[in-house]
Asker: 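Before I ask anything, here is the structure I am working with.
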2 protein chains.
Amino acid sequence: MTRDTDSAVKKGTESHSLRHVAELAGVSVATASRVMSGSSHPVSEQTREKVLEAANQLSFQPNRLARALVTARSHTVGVLVHDISDPYFGEIVKGLEDGIHAEDYRLFVASSERDPQKELDYVRAFFAHQVDAIVFAASSLTDAAYAETLEAMAKRFTDGGGVIVVLSDHLLRGAKVWFDNKRAVSEMVRYLHRRGHRRIGYLTGPSDLEVSLVRLAGFTAAAEELGLDVGPENIANGHFTAVGGGEAMGELLDRVDLTAVLAANDLMAIGALRRLHSAGIGVPDELSVAGLDDIPIAEYGPVPLTTMRVPTYQIGLEGASLLLKALRKEDADDVHVTGEIVERDSVATIEPEQ
Amino acid sequence: MTRDTDSAVKKGTESHSLRHVAELAGVSVATASRVMSGSSHPVSEQTREKVLEAANQLSFQPNRLARALVTARSHTVGVLVHDISDPYFGEIVKGLEDGIHAEDYRLFVASSERDPQKELDYVRAFFAHQVDAIVFAASSLTDAAYAETLEAMAKRFTDGGGVIVVLSDHLLRGAKVWFDNKRAVSEMVRYLHRRGHRRIGYLTGPSDLEVSLVRLAGFTAAAEELGLDVGPENIANGHFTAVGGGEAMGELLDRVDLTAVLAANDLMAIGALRRLHSAGIGVPDELSVAGLDDIPIAEYGPVPLTTMRVPTYQIGLEGASLLLKALRKEDADDVHVTGEIVERDSVATIEPEQ
DNA sequence: CACGGCACGGCAAACGTTTACAAGGCGGCG
DNA sequence: CGCCGCCTTGTAAACGTTTGCCGTGCCGTG
């Protein structure tokens, strides 16, 4: 006899297994499994009800780990981000979660703080927990040893049926969700142009970051296309930070006479705003300022910032959809997401000169 | 014979099990398990090395699900937050993660958006995935049916050896990390008092939120203690939002003559700042403003806000430590965390009057 | 009336671990 | 020289599922 034949009695605490349900319903474990897991193997309506009733009575919850062991599907996915306290990644995670919730997948979250060692650790841990997919929301690290190890691990993972999704530029291959940074900046420049601005300055980011190069390219491309006169003196490096943005704004002020300034990210734009404020220069009356990203702060800075929203939530959502498709072995194209301009109070319409 | 005796050959792709390691090392699965899991059961140094070598060669990764099945410890914990895109919760999650990383635990994250149904769903899912502990970073929802169901589920969980940790005021019992909101506000009032302020206004939050009541109590208690003259006219409701804060600030302006205003949260303080700015009232020269929470925006608003930092990261960290202790069946007291004042530019020192 | 097929249910193996128990070998002690 | 006990290893059961395969009974059809 099994070691607790009294199982039909105690239905108070403790967690119950399929065996308890089966016994209570007076059927075999196999049958109980079939009804609980929605198997295609037919079960009579009568026994189905008995089982359901029993399961309900015991508040039975199937053990996903056991199920995963035999089906080789854990119904979990791991997501790796650089910093979970950054709303940028928080939004992505939220999108991912909302996207996979309906299909009953769960999310492991790991925040690497850009530490290659930690990143590898976390990925390894994901493997150990048999995740069905891994999402890289973090962007590539440059450490060579890291890259090599990661690539090898990723190969094993995909060979074993694992799915990899990439939500940023990353060395790894996998289903991809793509935000076109170059185009985004170009669009902002065209927007300023439409509003009458011709003498436009640009606050750029650190030159060793891929994304800041790409965004800069978007600026120069649009300027050329529109026949704007922007030389190197129109561009200053603000290192993607608020204080850097303030200083870069100062440089521009000393150097050139502008009607508008575009910052490669919102943080620098906010810094510029602060600087202009303390210099007594009115925004947008005397000078217009625009940013890019639409971070939460953008709305609450010295003056509400006009910027372009990067659809982080949507990126997560699309990532989830890609991931689910891949798990179903459907193939799907990479998806392309675009931002939209959110107009607040920092840009004025002026009479185009020249 | 086992179905793939060729296992010793293929060490390219695919994932390997303990059996493969054992075969390659020429030992039994049990022995391999003992060395890989660091069992206390003795193994000779020689065989230990053989096994390690084999595991290394195959890049063996133990399957945590299988291990969990037999040890009844999944080495996972689930955390429930209200909104993962809110840095407040992001910081908490980061602290938690950092705290459990060393002990090799992983984190399931779920963001409920304050939806009772979703919240129950997620908790149920955590159970199904056999988490060892659940952390409630979200605060209590008032829905009665929800409360009842949750309580019942929680009881089953703890009865089964699960651990519950609570990081905010919540109906659930469990190990608790506690930030004293009342004391925090009182401390801010005392701070303003030290800086010479006697006529102080207060921007309060919605009265149906426990936390805003508690914070208000902190204000009145401190005012009384210091012999400040604060009647109802000194208090306005800003609903915890930026626009609400701006409006409430307006009311106060019409009603009383103040030297300082304390907001129950930073968002309202920022709103007040904006309002004062557009009314041409200088901060801090003509009026001082202080907030509470130290959200990221606080530093970048119209004027850098003096506020009190709620140690969210530390809350997560302490939660992790509590959780690990409970899992080890050590008992631990609830922990009490305190905030610290961060002085920026929005509060002036003045000559105390009267 | 016989037989084929289908609907339904059970048996048992399998997933990858851990671990209680047993067994073998060897050294030490009486 | 015999026996006890320890050190090391192996055998096998167990964790909670799913699922291939088989058996039974019933119904329909020829």
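Computed over heavy atoms, backbone and side chain alike; hydrogens, waters and symmetry mates excluded. We name chains A, B, ... by the order of the sequence lines, and we start the count at 1 in each one.
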Asker: Strictly by modelled atom types, are B:Gln61 and B:Ser59 linked by a side-chain donor-acceptor pair under 3.5 Å?
Answerer: no
Asker: Rounding to an integer number of Å, can you tell me how far A:Arg34 CZ sits from D:dT17 P?
Answerer: 15 Å
Asker: What is the distance, to the nearest angstrom, from the CZ atom on A:Arg19 to the C1' atom on D:dT18?
Answerer: 17 Å
Asker: I'd like to know whether CZ of B:Arg124 has more than 12 heavy-atom contacts from other residues, nucleotides or ligands below 6.0 angstrom.
Answerer: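 Counting other residues, nucleotides and ligands, CZ of B:Arg124 exceeds 12 neighbours.
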Asker: Determine the contact category for B:Ser44: base if any of its heavy atoms lies under 4.0 Å from a base atom, sugar-phosphate if only primed atoms, P, OP1 or OP2 are that close, otherwise nothing.
Answerer: sugar-phosphate
Asker: Considering every strand and a 4.0 Å limit on heavy-atom distances, what is the contact class for A:Ser17: base, sugar-phosphate, or nothing?
Answerer: sugar-phosphate
Asker: Rounded to the nearest Å, what distance is computed from the CD atom of residue A:Glu49 to the P atom of nucleotide C:dG9?
Answerer: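 Distance, rounded to whole Å: 12 Å.
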Asker: Whole angstroms only, please: what is the CZ-P distance between A:Phe127 and C:dG16?
Answerer: 17 Å
Asker: Looking across every strand, which nucleic acid part, if any, lies under 4.0 Å from B:Ser28 by heavy atom: base, sugar-phosphate, or nothing?
Answerer: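 Since a base atom lies under 4.0 Å of B:Ser28, the category is base.
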Asker: Report which part of the nucleic acid A:Ser39 touches: base, sugar-phosphate, or nothing (heavy-atom distance under 4.0 Å, all strands).
Answerer: nothing
Asker: Using heavy atoms and a sub-4.0 Å distance, could you list which residues of residues 64-75 of chain B are near DNA chain D? By number, please.
Answerer: B:Leu69, B:Val70
Asker: Output a table of donor-acceptor pairs, distance under 3.5 Å, between side-chain atoms of residues 45-56 of chain B and any protein atom two or more places apart or on a different chain; print 'none' if there are none.
Answerer:
unit_1: B:Thr47; atom_1: OG1; unit_2: B:Ser44; atom_2: O; d: 3.1
unit_1: B:Thr47; atom_1: OG1; unit_2: B:Ser44; atom_2: OG; d: 2.9
unit_1: B:Glu53; atom_1: OE2; unit_2: B:Gln57; atom_2: NE2; d: 3.0

Asker: At 4.0 Å (heavy atoms only), tell me whether B:Gln46 reaches a base, stays on the sugar-phosphate, or touches nothing.
Answerer: nothing
Asker: Just the table, please: protein N/O against nucleotides 22-28 of chain D N/O, every pair under 3.5 Å.
Answerer:
none

